[in-house]
2 protein chains.
Amino acid sequence: MTAPLKTVEGSDDLSAQMMQLGAAARAAARQLAIAPTEQKNLALAAMERAIRAHCEAILAANAEDVAEVRAAGASSAFIDRLTLTPARVAAIADGIKVIHDIADPIGAVTERWQRPNGMVIERVRVPLGVIGVIFESRPNVTADAGVLGLKSGNAVMLRGGSDSFRSCRAIHDCLLAGLREAGLPEGAITLVPVRDRAAVGLMLSGLGGQIDVIVPRGGKSLVARVEAEARVPVFAHLEGVNHVYVDRAADLEMAKAIVLNAKMRRPGVCGAAETLLVDAGAAERHLAPLVGALIDAGCEVRGDAAVQQADPRAKAASEQDWGTEYGEPIIAARVVAGLDDALAHIARYGSHHTEAIITEDQAAAARFLNEVDAAIVLHNASTQFADGGEFGFGAEIGIATGKFHARGPVGAEQLTSFKYRVHGTGQTRP
Amino acid sequence: MTAPLKTVEGSDDLSAQMMQLGAAARAAARQLAIAPTEQKNLALAAMERAIRAHCEAILAANAEDVAEVRAAGASSAFIDRLTLTPARVAAIADGIKVIHDIADPIGAVTERWQRPNGMVIERVRVPLGVIGVIFESRPNVTADAGVLGLKSGNAVMLRGGSDSFRSCRAIHDCLLAGLREAGLPEGAITLVPVRDRAAVGLMLSGLGGQIDVIVPRGGKSLVARVEAEARVPVFAHLEGVNHVYVDRAADLEMAKAIVLNAKMRRPGVCGAAETLLVDAGAAERHLAPLVGALIDAGCEVRGDAAVQQADPRAKAASEQDWGTEYGEPIIAARVVAGLDDALAHIARYGSHHTEAIITEDQAAAARFLNEVDAAIVLHNASTQFADGGEFGFGAEIGIATGKFHARGPVGAEQLTSFKYRVHGTGQTRP
């Protein structure tokens, strides 16, 4: 039986405790900013070993969390997000190894140039500082976010859901062990230990300047609250209302494979396609096969008149369907009057996440890739590639849909800033 | 006599008018995002010609603004910031030419890599969208910000001070003429035409999603208001509490030249040095010459006991002096116990803007450049180089002291975001 969870009486206590934790994180961040790569990797290797060695303890803590929510009548989807298994614990450890193996982004010189007066200027990567991660349900975020932050030289303050606290704490104990083994401060990865919603508000306010950025990982209401209240920058992962546009010059077999994969591989991920647009110039040949293939695969298709005519199993789409992220095996579909119309539809209904065109017409592809305003725009590939691992980043803390600082998959490199180092020989400015 | 300025009755009218302007800016931004470099440059060349051709009209409008503030009893510093002269108007036109001549950042591919499955991924520069510039006094910001935004494919909404409105409008007329000549929409550069403080609040709220980022250019209270109220990202230019650290291994003549230049070249710019730190190991040889040279040059020196002993003309520093940005020929000075102590002082009192070390000890320089957390860190060069032009950016909209998206001089390249273009050949994700 794990130790009773600490509860905090009174907001003053909470505030003071949070500020203390923030100060420790800030102090740790200063040390992490100049920690050698080898030391960070030592910690990561030790964390990976600790997770594997303590699998039983982690699963036992998780069983207590699961029993509690089950008794409270949670849905099976909720329980599934919360539940850890030996395979899932192994995946956590595997994820730490992946981060251990990626290149250290800190200290990399991304640009270097010389001025006419002889000064040499370098742009070099530096950490952001302290990252506040506010998440729900999935205990693995404790490790995923913690190690990504550590590799990029940042301190991380983690605030998970109260329902997964025992699981998160068991994982966090392993992370602390890794930090200690490498001689890094425990303030580098903090598990905010209170069951008080007010802790979230304090983090969103920036904890008196101790937190530099907030990353929310969870459902829409969490992200919405964060976006509304945060007084510090947020790497928000908003909607993924993604489109696949099948152009008149598309190869039908390729279109079928990509459309099916984009919707049905995992309908619940943010990179899933939510709307199919078919060029009127391709409709006669492609529409029925595409709609039919989707329905045959178990997907509900909600379409315009042309779509319904192409396959009577298709339902009617309403205005709300355009711009809806279903997160399920449901897709909206309509016929558009060529590339311009597709671009207009995406500009109107898209969420700037991930958009794809399927075509053998290079000029059409070039226009689409150039003109669509989204984090990720693909030609002849599935929208399901919207993922840090698929991009080669090793891992990600989420997919940012805004335009500031981070866009698309947020990996270790995106959790950095930069500074200028100027090498002079005595130059003064006239 | 210029036309009477439009005043707006009632907040509903203002709100509706601002939303209309925002919508026009947003529509213009979409067009600018894909406008060819040649077209943008055509507009810039026409704007430059128009400014030069209408110098008289601009000066006449400015004379009316100046007469009004003079009658209201403004300070001479205030009047100077507001006043245009033939030389200053020529400088505005010259600044437009500089921006015309820099490379177009939009469309540049900053990274390109291939995945094991054959997909080629590119990271390409795109505009931010709509930039809201809120500024005081200096009419030239109308042109400086407008053309920087245009070159980087952004629409700009400008809200100047009411005291410079006629001047800004005369300049803006020239910008509009340039846009029209190039066939670009007038919504690309908007001069927010109301004398209502509420317009600022509407911009800070993001104008219903039409404004993507706010850039404040003005005094501390303006920047503070913007930082406190803005619901969209801000490229804030905060304090420049900059330090020059003279290490024991510094060359005295180089140190004198740099320290004098850093403080006295232009004491009011953000890159001016505000505190001198002298290594105890150099104090015997360097302290008196450095302090003496500053005082001889007309600078007031406020120092610790060692500084006062080195030169009796030096005044005593209080705790407030560390961490003060004087903006005048005043400098704080103290002796520190070596590099570690200098780093600790800067970490405690610095504003993360610009910091410099003077030394011939390469190891000390490397540590300083590596460990100081500031936008710009210099070795053996003056802090007055903290400037977009000096960095080779052509121009800047300000110097950002935060760590998000932009840091240091904010030139055309920093007013961009990026997106990923993925070139596939039919890949689906397993």
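What's counted below: heavy atoms across the whole structure, side chains too, no hydrogens, waters or symmetry copies. Quick note on labels: first sequence line is chain A, next is B, and so on, each numbered from 1.
- Only the side chain of A:R123 comes within contact range of chain B, with at least one heavy atom under 4.5 Å from a heavy atom of that chain.
- Only the side chain of A:N261 comes within less than 4.5 Å of a heavy atom of chain B; its backbone N, CA, C and O stay farther away.
- With rounding to the nearest 0.5 angstrom, the CD atom of B:E227 is 9.0 Å from the CZ atom of A:R231.
- Between chain B and the options A:D373, A:V213, A:V124, the largest number of non-hydrogen pairs under 4.5 Å is found for A:V213.
- For A:R265, the part lying under 4.5 angstrom from a heavy atom of chain B is the side chain only.
- For B:V377, the parts lying near chain A are the backbone and the side chain together; criterion is any non-hydrogen pair under 4.5 Å.
- Against chain B, the residues from residues 102-113 of chain A that qualify, each with a non-hydrogen atom under 4.5 angstrom away, are A:E111, A:W113 in number order.
- Contacts of A:I121 with chain B are made by side-chain atoms alone, with heavy-atom separations under 4.5 Å and no backbone atom involved.
- The part of A:A375 that comes within reach of chain B is its backbone (N, CA, C, O), which places non-hydrogen atoms under 4.5 angstrom from that chain.
- Using a 4.5 Å cut-off between heavy atoms, A:A374 touches chain B through its backbone atoms (N, CA, C, O) alone.
- The choice from B:D251, B:T354, B:N370, B:L260 that makes the most heavy-atom pairs within less than 4.5 Å of chain A is B:N370.
- Of all the listed residues (A:M254, A:K403, A:Q384, A:H379), the one sharing the greatest number of non-hydrogen pairs under 4.5 Å with chain B is A:K403.
- B:V372 and A:K419 get closest at one heavy-atom pair: O-NZ, 2.8 Å.
- Note on ring orientation: taking the six-membered ring where Trp is involved, the planes of B:H405 and A:F404 are tilted (angle from 30° to 60°).
- With chain A as the partner, the residue from B:I358, B:I34, B:T383 showing the most heavy-atom pairs under 4.5 Å is B:I34.
- Annotation: maximal heavy-atom pairing with chain B below 4.5 Å, among A:G271, A:A347, A:A228, A:G402, occurs at A:A228.
- At a heavy-atom separation below 4.5 angstrom, chain A is approached by B:Y420, B:R421, B:V422, B:H423, B:G424, B:T425, B:G426, B:Q427, B:T428, B:R429, B:P430 within residues 420-430 of chain B.
- Neither the backbone nor the side chain of A:E355 comes within contact range of chain B, judged by heavy atoms closer than 4.5 Å.
- When heavy atoms are compared at a cutoff of 4.5 Å, B:Q362 does not approach chain A at all.
- Contacts between A:L369 and chain B at a heavy-atom distance below 4.5 Å involve backbone atoms as well as side-chain atoms.
- With respect to chain A, the highest number of heavy-atom pairs below 4.5 Å among B:G408, B:P409, B:A365, B:A381 belongs to B:A381.
- Proximity to chain A is absent for every atom of B:A262, based on heavy atoms less than 4.5 angstrom apart.
- Looking only at heavy-atom pairs under 4.5 Å with chain A, the residue among B:I376, B:L128, B:N117, B:D212 that has the most is B:L128.
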